[in-house]
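Scroll down for the structure; my scribbles are underneath it.
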Amino acid sequence: MRALVWHGKEDIRCDTVSDPEIEHPRDAIIKVTSCAICGSDLHLFHNFIPAMKSGDIMGHEMMGEVVEVGSEASGSLKKGDRIVVPFTITCGECDQCKRGNFSVCERTNRKKDLADKAFGHATAGLFGYTHLTGGYPGGQAEYLRVPFADKTHIKVPESLTDEQVLFLGDIFPTGWQAAAQCDIEPTDTVVVWGCGPVGQMTIRSAVLLGARQVLAIDRIPERLSMAEAGGAITINFEEESVVERLNELTGGKGPEKCIDAVGLESHVSMGQPDTLLDRAKQVVMLENDRPHVLREMIYVCRPGGIISIPGVYSGLVDKIPMGMAMNKGLSFRMGQTHVKRWTADLLRRIEDGQIDPSFVITHTVGLEQGPEMYKVFRDKQDSCIKVVLKP
């Protein structure tokens, strides 16, 4: 089969690789009908996330048709079922899964010893996302083996298109969780840093959850326009002061809820000197990530507020103003998405017409164009916001 394969920093190729096979009775094999490139994939593309190996298959946003089912998954799945595959692999039986904490499933990370050393305790296995999370082949491919398939799937109706439901596997529930863990009240101002695909879903989730006003910060005109269409007041940080604008829109009190949909790769800008220092530290391996957004959120957030972090971070960050956060009494909520905690509700909202997640798609191409589209997506060329691949 064909698949997009990681060969090193900024080196993704469309290779011919072995077809997946049933390896355990709980497995299933799907023929991938749609997959996507995620912002988190760019962290791997840039080699910011450790423990990638040459030959790893990329991708964690995918869906398709079941073509083979293991004996222990046959009670939940059958050939011909149309499913979205969450990026988090879940057993459904451990203490964390029973609590709905699916992204920290205790059983699915097959590289547990490695993850224990890196994180203190292993988290769930993830598709296409380094050997710290199991080293599972990803879904930017013609076929995918789904481990623990009896639990790691979302059945979707034939009445909805791939484009409407594909993002139930990652960015839609990620944006929803980012907003939901803010405990939004009708009087709240919610600010979202980053208007990429996750940011766009976060904006619309905050609107659906009833925020008084939603503000969105970015610098790319197409992203800001899409955010405005979703109900946000937009701020271009290259054209105006974020701090001054937020004070103006909140009567000088600051926003109650702040959401980091950027993560480790904050934009490097002469107007933000801390990003220059972070980048220099990255070059000499003194720091992993560029946490400008975290610093800015702590500074502007209203005392007693909540900081929500769906954006991915890889390791060590410097100069985080913890004294400021502690004295302001800020609450931090973060983590990989507990996808299946949210999907029944979100699928219902799609079916009811409350939201059509396909709005975020700007490019649809064949799998063989994937390596080129990684660069187009990274460089925001051709007004690119979200890429869907058709194997």
Side-chain angles (χ1 to χ4, degrees), residues 38-43 48-49 60 87-88 100-104 118-120 123-124 126 129 132-133 170-184 188-206 209 211 214-218 237 242 246 254-267 272 274-275 278 287-322 324-326 328-339 341-342:
C38 181
S40 299
D41 292 326
L42 292 182
H43 304 328
F48 283 145
I49 305 291
H60 58 269
F87 76 95
T88 49
N101 298 329
F102 298 110
S103 73
V104 289
F119 300 142
T123 56
L126 307 181
Y129 211 75
L132 289 174
T133 55
D170 182 5
I171 62 169
F172 188 14
T174 294
W176 187 267
Q177 178 172 300
Q181 65 192 7
C182 284
D183 296 336
I184 293 172
D188 281 347
T189 293
V190 178
V191 185
V192 180
W193 275 256
C195 296
V198 168
Q200 298 293 342
M201 297 297 173
T202 305
I203 289 162
R204 284 154 180 81
S205 296
L209 288 168
V214 179
L215 314 180
I217 301 168
D218 205 294
F237 67 80
V242 171
L246 291 181
E256 291 91 348
K257 311 294 165 63
C258 297
I259 301 175
D260 175 4
V262 175
L264 66 89
E265 293 189 72
S266 287
H267 178 63
Q272 300 165 334
D274 63 318
T275 65
D278 287 331
E287 186 178 22
N288 298 92
D289 307 345
R290 300 192 296 270
H292 169 78
V293 168
L294 284 180
R295 299 184 190 113
E296 190 163 75
M297 290 199 309
I298 291 169
Y299 186 77
V300 302
C301 192
R302 185 176 302 196
I306 293 175
I307 287 180
S308 174
I309 308 173
V312 171
Y313 285 83
S314 72
L316 302 176
V317 293
D318 293 347
K319 302 294 186 293
I320 299 300
M322 288 305 297
M324 187 187 301
M326 180 269 171
K328 293 172 77 172
L330 304 182
S331 296
F332 287 73
R333 298 174 182 176
M334 65 193 84
Q336 297 283 6
T337 309
H338 307 304
V339 175
R341 182 190 294 183
W342 313 108

Next item on the list: Would you check if Leu264 and Ile49 make a side-chain contact, meaning some heavy-atom pair closer than 4.5 Å?
Entry: yes
Next item on the list: Find the distance between CE (Met297) and NE2 (His292) and round it off to the nearest 0.5 Å.
Entry: 10.5 Å
Item checked: Distance, nearest 0.5 Å, that separates OH of Tyr129 from CD of Gln336 -> 6.5 Å
Margin query: I'd like to check Leu209 versus Trp176 (side-chain heavy atoms, cut-off strictly below 4.5 Å). Are they in contact?
Written below: yes
Notebook entry, point to check: Closest heavy-atom contact between Trp342 and Ala180?
Noted result: CH2-CB, 3.9 Å
Next item on the list: Indicate whether any N or O donor in one side chain lies under 3.5 Å from an N or O acceptor in the other, for Gln177 and Thr337.
Entry: no
Item checked: Exam field: side chain Arg341 to backbone Gly100, donor-acceptor pair closer than 3.5 Å -> yes
Margin query: With a 4.5 Å cut-off on side-chain heavy atoms, are Leu316 and Glu287 touching?
Written below: no
Next item on the list: Return the minimal non-hydrogen interatomic distance between Met201 and Phe172, and the atom names on each side.
Entry: CG-CA, 4.0 Å
Item checked: Closest heavy-atom pair and its distance - Glu256, Thr189 -> OE1-N, 2.8 Å
Notebook entry, point to check: Are the side chain of Lys319 and the backbone of Pro291 linked by a donor-acceptor contact shorter than 3.5 Å?
Noted result: no
Check: Is there a donor-acceptor pair under 3.5 Å between the side chain of Asp218 and the backbone N or O of Cys195?
Finding: yes
Next item on the list: Report the distance from atom CZ of Phe48 to atom OG of Ser40, rounding to the nearest 0.5 Å.
Entry: 13.5 Å
Margin query: Quick one, Leu330 and Ile306 - any side-chain contact, counting heavy atoms below 4.5 Å?
Written below: no
Notebook entry, point to check: Do you know the tightest heavy-atom contact between Ile171 and Cys38?
Noted result: CG2-SG, 4.3 Å
Item checked: Asp289 side-chain N/O to Ser314 backbone N/O, donor-acceptor pair under 3.5 Å -> yes
Next item on the list: Can you measure from NE2 (His338) to CG (Asn101) and round to the nearest 0.5 angstrom?
Entry: 4.5 Å
Check: Is the closest side-chain heavy-atom distance between Tyr299 and Val242 below 4.5 Å?
Finding: no
Notebook entry, point to check: Quick one: does Ser266's side chain have a donor or acceptor within less than 3.5 Å of a partner on Arg290's backbone?
Noted result: yes
Item checked: For Asp260 against Pro310, the heavy-atom pair lying closest together -> O-CD, 3.0 Å
Margin query: Just verifying a value: how many Å separate Leu294 CG and Ile309 CD1, rounded to the nearest 0.5 Å?
Written below: 4.5 Å
Item checked: Check: Lys328 side chain, Cys301 main-chain N or O, donor-acceptor pair, under 3.5 Å -> yes
Next item on the list: Check Ile203 against Ala216 and note the closest heavy-atom contact, atom names and distance.
Entry: CD1-CB, 3.7 Å
Check: Arg333 versus Asp183: any side-chain heavy-atom pair under 4.5 Å?
Finding: yes
Check: Is there side-chain contact between Tyr313 and Met334, with at least one heavy-atom pair below 4.5 Å?
Finding: no
Checklist line | Phe87 vs Ser103 side-chain heavy atoms within contact, under 4.5 Å | finding: no
Check: Would Arg295 and Asp274 pass as an ion pair if we require N to O under 4.0 Å?
Finding: yes
Next item on the list: Check the side chains of Asp170 and His60 for a donor-acceptor pair under 3.5 angstrom, ignoring hydrogens and angles.
Entry: yes
Note to self: I'd like to know if the side chain of Ser308 reaches the main chain of Ile259, judged simply by a donor and an acceptor atom lying under 3.5 Å from each other, with no hydrogens or angles considered.
What the structure shows: no
